[in-house]
Amino acid sequence: MGNADQQHSDTTPTNRYSAQMAQDIELRWQRWWEAQGTYVQPNPGEDGFDASKPKYFCMDMFPYPSGAGLHVGHPEGYTATDIICRYKRMKGFNVLHPMGWDAFGLPAEQYAIQTGVHPEITTKTAIDNFRRQLQRFGFCYDWTREFGTIDEDYYKWTQWIYLKVYHSWFDVEADRGKGKARPINDLISDFMSGKRTVKLNPHAVEYTGAGDLPDGTDAGPWETLDNETRKAVVDSYRLAYLSQQTVNWCPKLGTALANEEVKDGLSERGGFPVFRKPLRQWMFRITAYSDRLLDGLKDLDWPNSTKTQQAEWIGRSEGAEVGFPIVLGGGMEMGETLRVFTTRPDTIYGATYMVVAPEHGLVEMAMEFAGEDTDCDQISEYAAWASNRSDIERQENKEKTGIFLGIHVRNPLTEELIPVWTADYVMMNYGTGAIMAVPGQDQRDWDFAKKFDLPIVRTVTPPKDFEGDAYTGDGPAMNSGILDGLMIDDAKAKIIEWMSEHHIGAKRVNFKLRDWLFSRQRYWGEPFPIVFDDRGNHHGVGEDSLPVRLPPLADYQPVESDTPQPLLAKATDWVHTTAGEAGVDGMHPDSKVTRETNTMPGWAGSCWYYLRYCDPKNSEKLIGDAAQDYWMGEGGVDLYIGGNEHAVLHLLYARFWHMVMFDLDVVKSQEPFRKLFHQGMITSHAFQRPNKTLVPIDEVENRGTEEKPAYFETAENTPVERIVAKMSKSLKNVVNPDDVIEEYGADTFRLYEMYMGPLEASKPWNTRDIIGLYRLVQKMWRLCIDEATGELKFADAADDKVEKQLHRMVAKVGDDVEKLSFNTAIAAMFEFVNVAKRLTKDQMDRFVRVIGPFTPHVAEEIWHKMGNETSVAVADWPSFDEAMLVDDEIEIPIQVMGKVRARLHVAPDTDVKTLEEMALANSRIQELIEGKTVRKVVVVPGRLVNIVAN
RNA sequence: GAGCCUGUGGCGGAAUUGGUAGACGCAGCGGACUUAAAAUCCGCCGGGGUAAAACCCAUGAGGGUUCGAGUCCCUCCAGGCUCACCA
């Protein structure tokens with residue numbers, strides 16, 4: 001089926017474009033490009049750099065090289081960027097188009113464990129294979145800039161950035177209240193000089209709930225404090241900090257995972273159950289950047305869906321924080337308040353009970369001050385049950401559970417006592433971990449109140465015909481004292497003002513975004529440049545001692561357990577070192593220190609790789625100034641293409657690092673990626689039984705015709721339906737790019753993937769359709785080359801129709817490439833080769849330039865046959881004449897009441913009046929409007945005439 | 001449950017952004033060339049209707065705005081993606 005080689009027979013011309021010829025042409029030119037350094041882009045200051053040209057920095061999301069090799073999804077985005085880069089180069093840009101490898105992280109380590117081969121070996125093999133496969137496509141990457149995140153030269157700088165972040169804090173007041181990162185030493189000198197009050201960072205998540213005052217507690221003058229206190233205070237401000245956190249612990253993977261790496265209560269990698277467990281972990285204070293990460297989205301040329309996803313992930317919501325005085329069992333006010341966050345402070349009169357998360361401090365306190373209503377045994381049992389519940393269980397069963405704590409709070413508005421419950425539908429890590437429950441206006445609270453028979457008070461008047469439970473819509477307030485009659489917005493404003501005046505509460509903005517859990521207990525990652533002294537205090541390793549090399553480890557099998565043990569702890573010689581060895585300033589060189597044994601997560605290396613591409617060999621700096629000024633410019637990367645699965649994680653993390661580096665003057669642009677684009681997924685076909693289960697394609701046969709297929713599952717003899725499905729090994733519908741290239745060549749493969757449909761759409765792979773693009777390459781070839789002799793063939797004189805069509809193609813292809821609309825650009829090529837049978841040398845010259853970005857190999861072959869000695873890749877993009885795009889005569893439809901009834905053939909610039917006259921004079925139209933009144937004639941010059949008559 | 005996206009011939013998809021629906025490719029059908037086939041070239045190719053036209057229907061369904069709707073608005077259906085007890 002469709003094997004291009006089988007089309008050869010004795011009568012086939014010897015120089016017809018064939019799969020065999022494609023192999024020969026492609027490999028030959030690929031070697032030549034490499035030898036010539038055709039795609040090597042010099043940096044500012046280097047030989048061959050042309051400073052007069054504008055820059056174009058175009059990047060693919062680099063791949064994670066797996067043992068399985070490239071699948072057909074990879075080259076989709078890569079072909080798109082390749083075409084754009086080739087086009088931009090021809091349009092006079094200096095093009096930075098690099099490729100590298102995201103190579104640390106869990107999948108490589110899991111694979112190594114399965115195969116028993118060290119991840120360093122499997123990873124390097126996979127990289128070599130990926131590189132070979134990518135090069136076979138003829139992509140115009142500047143391979144001299146290649147690196148992997150596992151290279152010591154690279155992760156040295158990853159660690160360097162980590163240290164930068166570690167040694168800085170977020171000054172919320174800086175930059176007119178927007179806040180920015182500053183060196184931690186600035187903070188310390190402020191403390192020492194007394195310029196700044198010494199107190200724990202009131203915004204530090206790890207101290208939520210600590211201190212009596214929402215604004216933190218004054219620790220006293222710096223000189224009166226002991227070293228431990230000073231360190232605790234300073235550390236509470238660091239952008240990278242250690243904290244006991246309830247983490248997503250995955251026993252199977254033997255590591256903690258970030259929230260983002262947990263899907264439906266299962267680990268994204270492997271799909272293993274995840275539990276909550278308190279662990280001491282490195283965190284990034286990304287929440288300090290919530291507002292800036294959100295605001296920055298506005299100016300980015302990114303897909304809206306991606307911006308929305310990030311915005312929702314950051315999850316800004318406005319509301320109020322309100323304090324409810326706590327009343328113990330005996331009715332005694334204890335002087336503390338229960339703080340809650342609510343977006344509906346206007347409903348406070350309807351707060352009939354309170355709920356705190358099972359991990360909330362008040363649960364312990366309730367048991368400590370137990371009154372007669374407090375059943376301590378049941379409470380602790382419930383708290384234990386709730387914390388052992390995996391997220392997957394929580395999501396599968398949303399039946400409300402909870403228990404009364406035996407204590408009350410006083411509603412500051414009604415003065416009534418309200419019972420306090422604990423329930424796991426309230427999360428400790430959002431807001432304050434406590435809510436005021438208003439069942440009248442919140443369905444979750446309603447469900448809980450119904451189950452536990454708690455009172456329900458409506459405070460917003462529902463519409464007359466309202467029949468649901470909780471009413472969340474707008475309406476005048478009721479049962480609400482001073483708020484009665486006000487609509488929601490006014491009621492909110494009024495109650496917040498009232499609360500502020502009475503020091504009960506205040507307006508507050510809350511974010512869903514949480515601090516970023518940055519340590520993993522695995523082997524295959526960047527070591528932290530951190531050591532601990534004998535008192536357990538952490539110290540940054542000196543910059544001169546970077547990189548902290550990952551120690552060789554023969555046994556990297558994770559310990560499957562409930563008590564986390566970082567794998568690096570096994571490298572005892574490496575772990576135990578001295579301050580001098582590790583390069584710690586301010587300590588005696590012989591002091592014994594131990595190294596941090598956690599490693600960084602896979603995201604670390606991909607957070608900043610775009611910067612290193614600009615200056616990959618720089619041993620002095622992460623990126624040189626000249627390289628940064630030129631390539632990153634104002635807005636950073638000019639085009640970044642990759643899958644939308646990275647819409648939140650990678651792209652948010654990278655923006656965060658970039659912002660910190662911007663604040664610390666490491667980078668000069670505010671955002672890393674000015675324009676972002678997601679290529680769609682390439683899917684495949686599979687078959688579905690009536691019960692929706694899937695059948696692999698090799699277990700199905702078509703018992704109908706091509707036109708009217710009737711698919712049957714062979715073994716079962718039952719009909720199945722053909723559907724679009726993801727490519728997967730189990731469905732046997734995976735396409736291997738190597739096979740396709742062997743059968744048709746890389747040029748055809750490139751064209752096919754670009755012709756399948758819009759770049760952003762997900763599209764099913766249809767092996768049958770490839771032949772059409774193969775024929776296109778053959779036609780391109782045949783248009784220029786005599787198939788019998790292999791020599792160029794030329795037309796004696798330019799044909800007008802062909803010349804016109806050529807101008808059209810030049811215009812259309814250029815336009816479409818700029819719009820990333822490659823499928824329509826290729827359609828224009830089809831149209832051209834369908835019209836043109838022979839070209840003059842001058843026409844051929846332009847034709848070859850235009851196909852160059854799409855089919856670089858066959859274009860280069862013809863280009864050189866034409867006598868050119870330099871690559872078509874560095875030729876100029878041809879120009880075209882606007883006048884040639886206009887037809888001599890166009891067809892204008894005449895509509896009557898919006899339906900086409902006749903057509904006019906006129907010059908394209910025929911004016912309104914003439915068109916109207918011609919339309920009304922048309923005999924067919926006269927028949928139709930006879931006896932009717934012409935009410936109106938709409939004339940759109942160059943488009944149509946519409947007559948309104950009745 | 002919330003948000004976003006998509007729905008056009010047998011299939012993949014076009015449509016100047018409100019102006020002739022179905023460009024281009026695949027598949028199919030007919031023809032030329034050939035002893036024959038492949039390849040190549042030419043023609044046809046949404047449905048109904050007609051001798052051929054005319055004409056009617058048609059962009060998931062139903063309404064609306066408009067001289068005119070695949071495109072804009074409302075309701076619904078189907079599929080996909082994202083988030084999800086977030087207060």
Side-chain angles (χ1 to χ4, degrees), chain A residues 6-9 11-13 16 263-264 303-306 308-309 312-313 315 317 319 340-344 347 355 394-395 398-400 423-427 429-438 441-445 447-448 510-514 644-645 647-648 681 683 685 705-709 722-724 751-752 755-758 760-773 775-776 778-779 782 787 815 821 823-824 826-831 834 837 891-901 903 924 935-940 942-949:
Chain A
Q6 285 171 3
Q7 291 157 9
H8 260 270
S9 72
T11 55
T12 305
R16 169 161 297 174
K263 283 244 157 16
D264 299 329
N304 269 329
S305 62
T306 304
T308 308
Q309 276 182 53
E312 283 177 1
W313 189 266
S317 57
V340 304
F341 172 73
T342 176
T343 54
R344 294 292 304 276
T347 62
V355 186
R394 284 166 190 260
Q395 264 151 41
K398 289 187 181 174
E399 180 74 12
K400 295 283 180 289
D424 71 349
Y425 82 93
V426 171
M427 309 290 132
N429 45 18
Y430 183 74
T432 60
I435 62 159
M436 63 177 207
V438 187
Q441 272 78 230
D442 185 297
Q443 189 59 42
R444 292 156 305 182
D445 297 343
D447 295 342
F448 192 85
N510 208 33
F511 295 92
K512 262 198 261 187
L513 184 69
R514 318 225 176 101
N644 66 1
E645 66 272 21
V648 177
M681 197 182 6
T683 55
H685 290 286
T705 59
E706 286 272 5
E707 281 252 312
K708 284 215 155 187
R722 186 169 183 251
I723 56 149
V724 169
L751 284 176
Y752 173 63
Y755 192 63
M756 288 173 78
E760 69 275 18
S762 88
K763 310 155 279 256
W765 182 276
N766 247 329
T767 302
R768 199 174 65 182
D769 293 345
I770 302 173
I771 191 75
L773 285 303
R775 285 181 197 143
L776 175 60
Q778 283 186 321
K779 283 181 183 176
R782 191 155 49 229
E787 291 190 325
D815 267 9
S821 177
N823 54 334
T824 50
I826 294 168
M829 295 179 187
F830 270 113
E831 287 181 86
N834 285 342
K837 295 294 162 242
E891 192 184 79
I892 298 278
I894 310 171
Q895 298 182 337
V896 178
M897 301 300 286
K899 298 202 177 204
V900 180
R901 298 299 181 186
R903 290 163 216 277
R924 174 83 189 122
R935 310 269 171 202
K936 193 172 169 186
V937 179
V938 181
V939 181
V940 184
R943 289 247 70 92
L944 55 52
V945 180
N946 189 12
I947 297 162
V948 185

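These values consider heavy atoms only, across backbone and side chains, with no hydrogens, waters or symmetry-generated copies. Throughout, a chain's letter reflects where its sequence line sits, starting with A, and its residues are numbered from 1. What you see is a predicted model, and the numbers here were worked out from it, not measured in a lab.
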- Item | B/G30 and B/C45, which share atom name P, separated by this distance in whole Å | 15 Å

- Kindly say whether A/Pro758 contributes a backbone atom to a donor-acceptor pair with the side chain of A/Lys763 at under 3.5 angstrom? yes

- Do A/Thr308 and A/Ser305 have a side chain donor and acceptor closer than 3.5 Å? no

- Task: Have a look at A/Lys837 and say if it touches a base, only the backbone sugar-phosphate, or nothing, with a 4.0 Å heavy-atom cut-off.
- Result: nothing

- Query: Looking only at atom C1', what distance separates B/G22 and B/G70, rounded to whole Å?
  - Reply: 11 Å

- Item | Presence of A/Arg768 side-chain N/O under 4.0 Å of B/G10 phosphate oxygens OP1/OP2 | no

- Rounding to a whole Å, what distance do you find between A/Tyr752:OH and B/G12:P? 11 Å

- Distance in Å, A/Asp445 CG paired with A/Met436 CE, rounded so as to fall on 0.5 Å steps: 9.0 Å

- A/Arg935 vs B/G68: side-chain N/O to OP1/OP2 distance below 4.0 Å: no

- Please measure how far the C1' atom in B/C73 lies from the corresponding atom in B/G18, and state the result in whole Å. 13 Å

- Judged by whether its glycosidic angle lies within 90° of 0, B/G68 is anti

- Query: Taking CG from A/Asn834 and P from B/C24, how many angstroms apart are they, rounded to a whole number?
  - Reply: 8 Å

- Among the nucleotides B/U40, B/C83, B/G3, whichever has the atom closest to the side chain of A/Gln778 is B/U40

- Have a look at A/Asn766 and say if it touches a base, only the backbone sugar-phosphate, or nothing, with a 4.0 Å heavy-atom cut-off. sugar-phosphate

- Message: What contact category does A/Lys899 fall into here, base, sugar-phosphate, or nothing, at under 4.0 angstrom with non-hydrogen atoms?
- Response: sugar-phosphate

- Task: To the nearest Å, give me how far apart CD1 (A/Ile826) and P (B/C26) are.
- Result: 13 Å

Please tabulate, one pair per line, each protein N/O and nucleotide N/O from nucleotides 20-23 of chain B that are separated by under 3.5 Å, including the distance.
from	atom 1	to	atom 2	distance (Å)
B/U20	O2	A/Glu891	OE1	3.3
B/U20	O2	A/Arg903	NH1	2.2
B/U20	N3	A/Glu891	OE1	2.7
B/U20	O4	A/Glu891	O	3.0

- Which of A/Val937, A/Val896, A/Val938 passes side chain to side chain contact (heavy atoms under 4.5 Å, CB included) with A/Val945? Answer is A/Val937

- Message: Measuring only the P atom in each nucleotide, how far is B/U65 from B/A14? A whole number of Å is fine.
- Response: 31 Å

- A/Glu312 has a side chain; which of B/C56, B/U40, B/G3 sits nearest to it? B/G3

- Query: Tell me, do A/Trp313 and A/Gln309 make a side-chain contact under 4.5 Å, heavy atoms counted?
  - Reply: no

- Query: Distance between the C1' atoms of B/C33 and B/A39, in whole angstroms?
  - Reply: 11 Å

- Task: Would you indicate, yes or no, if B/G12 has its OP1 or OP2 atom less than 4.0 angstrom from a side-chain nitrogen or oxygen of A/Lys763?
- Result: no

- Note on the structure: On a heavy-atom basis, the closest approach of A/Thr683 and A/Val724 is OG1-CG1, 3.2 Å

- Write down the distance between CE (A/Met897) and P (B/C67), rounded to a whole number of angstrom. 10 Å

- Query: Taking the P atom of each, how far is B/C83 from B/G68, in whole Å?
  - Reply: 44 Å

- Message: The side chain of A/Pro758 is closest to which nucleotide in this list: B/G25, B/C55, B/A14?
- Response: B/A14

- Query: Which whole-number value in Å describes the distance from A/Ile771 CD1 to B/U40 C1'?
  - Reply: 13 Å

- Task: Ignoring hydrogens and angles, state whether a donor on the side chain of A/Ser317 or A/Tyr430 is under 3.5 Å from an acceptor on the partner side chain.
- Result: yes

- Note on the structure: Those residues at least two apart in sequence (or on a different chain) that pass ring-ring contact (aromatic ring centres under 6.0 Å, His included) with A/Phe511 are none

- Heavy-atom side-chain proximity of A/Asn766 to A/Tyr752 below 4.5 angstrom: yes

- Task: Would you mind telling me which of B/A87, B/G13, B/C41 lies closest to the side-chain atoms of A/Pro764?
- Result: B/G13

- Query: Which whole-number value in Å describes the distance from A/Leu751 CG to B/C26 P?
  - Reply: 13 Å

- Message: Output the rounded distance in Å from CH2 (A/Trp313) to C1' (B/G3).
- Response: 15 Å

- Query: Does A/Arg514 reach the main-chain N or O of A/Asn429 with its side chain, forming a donor-acceptor pair under 3.5 Å?
  - Reply: yes

- Query: Based on Watson-Crick and G-U pairs with both distances under 3.5 Å, what dot-bracket line describes RNA chain B 5' to 3', crossing pairs as [ ] and inter-strand pairs as |?
  - Reply: (((((((..(((......[....))).(((((.......))))).(((......)))..(((((..]....))))))))))))....

- Query: So, A/Lys779 and A/Asn834: side-chain donor and acceptor under 3.5 Å apart, yes or no?
  - Reply: yes

- Would you mind calling B/U17 syn or anti? Take O4'-C1'-N9-C4 for purines or O4'-C1'-N1-C2 for pyrimidines, and syn is within 90° of 0. syn

- Query: Which part of the nucleic acid, if any, lies within contact of A/Met427, taking any heavy atom under 4.0 Å across all strands shown: a base, the sugar-phosphate backbone alone, or nothing?
  - Reply: base

- Query: Touch check for A/Val426, heavy atoms < 4.0 angstrom, all strands: base, sugar-phosphate only, or nothing?
  - Reply: base

- Walking RNA chain B from its 5' end, the first of A/Gln309 and A/Lys400 to be reached, judged by nearest nucleotide, is A/Gln309

- Message: Taking the P atom in each of B/C4 and B/G9, what is the distance between them to the nearest angstrom?
- Response: 26 Å

- Take atom C1' in B/C29 and the same atom in B/G46, then report the distance between them in whole Å. 16 Å

- Message: Reading RNA chain B from 5' onward, which residue's closest nucleotide shows up sooner: A/Arg924 or A/Ala434?
- Response: A/Arg924

- Provide, to the nearest angstrom, the distance between the CE atom belonging to A/Met756 and the C1' atom belonging to B/C11. 12 Å

- Message: Return the CE to CD1 distance between A/Met756 and A/Ile826, rounded to the nearest 0.5 Å.
- Response: 11.5 Å

